[in-house]
Peer 1: 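Submitted below is the structure of interest, expressed as structure tokens.
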Amino acid sequence: MRSGKLDRLITIERKTETVSGSGSVVAAWTEIATTRAEIVKASADEFLTGFGEAEAGTTIFRIRWRDGITTADRIMFDGTAHDIKEIVAIGRRRALEIRAVAVS
């Protein structure tokens, strides 16, 4: 993986839950990593759902290998949250390809 292609800065966040003083559960996103990434593909896929047409913006991010990233995490890129849908290892712990969908 060439460093020059990693020209975008992304933040990987994990959802955490805490109990407030009143006893209610408060969910928040906590930053677990900020890293350089390459955008491999960005598209707007239209697909037919049971309620009509919908649009989902899919982005594929390629980053250097990092342990512990799961589909429960999300990526913040360019002010937009992206839910992680799929993580694919490239090589033997060389890189990760992360398919994510923009949250509206």
Side-chain angles (χ1 to χ4, degrees):
M1 170 172 277
R2 292 191 169 167
S3 316
K5 290 185 175 185
L6 304 176
D7 59 348
R8 309 297 172 117
L9 191 62
I10 64 170
T11 302
I12 301 168
E13 296 180 337
R14 181 162 292 149
K15 191 173 192 174
T16 58
E17 295 180 345
T18 58
V19 179
S20 68
S22 64
S24 63
V25 177
V26 178
W29 289 95
T30 305
E31 180 180 323
I32 59 170
T34 299
T35 187
R36 308 294 293 174
E38 172 189 2
I39 295 182
V40 180
K41 175 184 169 188
S43 68
D45 297 323
E46 290 189 18
F47 55 93
L48 192 63
T49 64
F51 301 104
E53 289 188 14
E55 186 175 297
T58 302
T59 307
I60 299 174
F61 299 96
R62 189 173 287 159
I63 65 171
R64 293 195 186 277
W65 179 267
R66 181 175 292 276
D67 279 327
I69 298 174
T70 68
T71 55
D73 301 332
R74 76 175 184 183
I75 292 175
M76 287 297 293
F77 170 66
D78 208 19
T80 305
H82 295 75
D83 285 338
I84 297 175
K85 298 297 179 189
E86 181 182 17
I87 303 169
V88 178
I90 299 173
R92 292 187 178 183
R93 305 188 97 177
R94 288 191 45 208
L96 293 174
E97 197 168 88
I98 303 170
R99 182 177 309 272
V101 176
V103 179
S104 54

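Residue indices begin at 1 and follow the sequence shown. Below, all heavy atoms of this structure are taken into account, side chains as well, without hydrogens, waters or symmetry copies.
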Peer 1: Can you check whether Met76 reaches Glu13 side chain to side chain, under 4.5 Å on heavy atoms?
Peer 2: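 Touching, per the 4.5 Å side-chain cut-off.
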
Peer 1: Rounded at 0.5 Å granularity, tell me how far CD1 in Ile84 sits from CZ in Phe61.
Peer 2: 9.0 Å

Peer 1: Is the shortest side-chain heavy-atom distance between Ile32 and Asp73 below 4.5 Å?
Peer 2: yes

Peer 1: What's the spacing between Leu96 CG and Ile63 CD1 if we round to 0.5 Å?
Peer 2: 5.0 Å

Peer 1: Any side-chain heavy atom of Trp65 within less than 4.5 Å of one from Arg93?
Peer 2: yes

Peer 1: Relative to each other, are the rings of Phe77 and His82 parallel, tilted or perpendicular (30° and 60° limits)?
Peer 2: tilted

Peer 1: Which distance, rounded to the nearest 0.5 Å, do you find between the CD of Glu31 and the CZ of Arg14?
Peer 2: 12.5 Å

Peer 1: Evaluate the side-chain proximity of Arg66 to Thr35: yes if any heavy-atom separation is below 4.5 Å, no if none is.
Peer 2: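 Yes, close enough: below the 4.5 Å cut-off.
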
Peer 1: Can you confirm whether Ile39 sits close enough to Ile60 that some side-chain heavy atom of one is under 4.5 Å from a side-chain heavy atom of the other?
Peer 2: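 Ile39 vs Ile60: side chains apart.
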
Peer 1: Let me confirm one number: the CD1-CD1 distance from Ile12 to Ile69, rounded to the nearest 0.5 Å.
Peer 2: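 Between Ile12 CD1 and Ile69 CD1, I get 3.5 Å after rounding to 0.5 Å.
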
Peer 1: Closer than 3.5 angstrom, by distance alone: can the side chain of Thr16 be matched with the main-chain N or O of Ala28 as a donor-acceptor pair?
Peer 2: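 At least one qualifying donor-acceptor pair exists.
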
Peer 1: Do NZ/NE/NH1/NH2 and the carboxylate oxygens of Arg8 and Asp78 come within less than 4.0 Å?
Peer 2: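 Between Asp78 and Arg8 there is no salt bridge, as every charged N stays at least 4.0 Å from the carboxylate O atoms.
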
Peer 1: Taking side chain as C-beta onward, heavy atoms only, is Arg36 less than 4.5 Å from Leu9?
Peer 2: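 Yes; the side chains approach each other to less than 4.5 Å.
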
Peer 1: Of all heavy-atom pairs between Glu17 and Val25, which one has the smallest distance, and what is that distance?
Peer 2: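 Closest pair (atom of Glu17, atom of Val25, distance): CB-CG1, 3.9 Å.
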
Peer 1: Is a salt bridge present between Asp83 and Arg74, judged by a nitrogen-to-oxygen distance below 4.0 Å?
Peer 2: no

Peer 1: Measuring only between side-chain heavy atoms, which start at C-beta, is Ile98 closer than 4.5 Å to Arg62?
Peer 2: no

Peer 1: Can you confirm whether Thr58 sits close enough to Arg99 that some side-chain heavy atom of one is under 4.5 Å from a side-chain heavy atom of the other?
Peer 2: yes

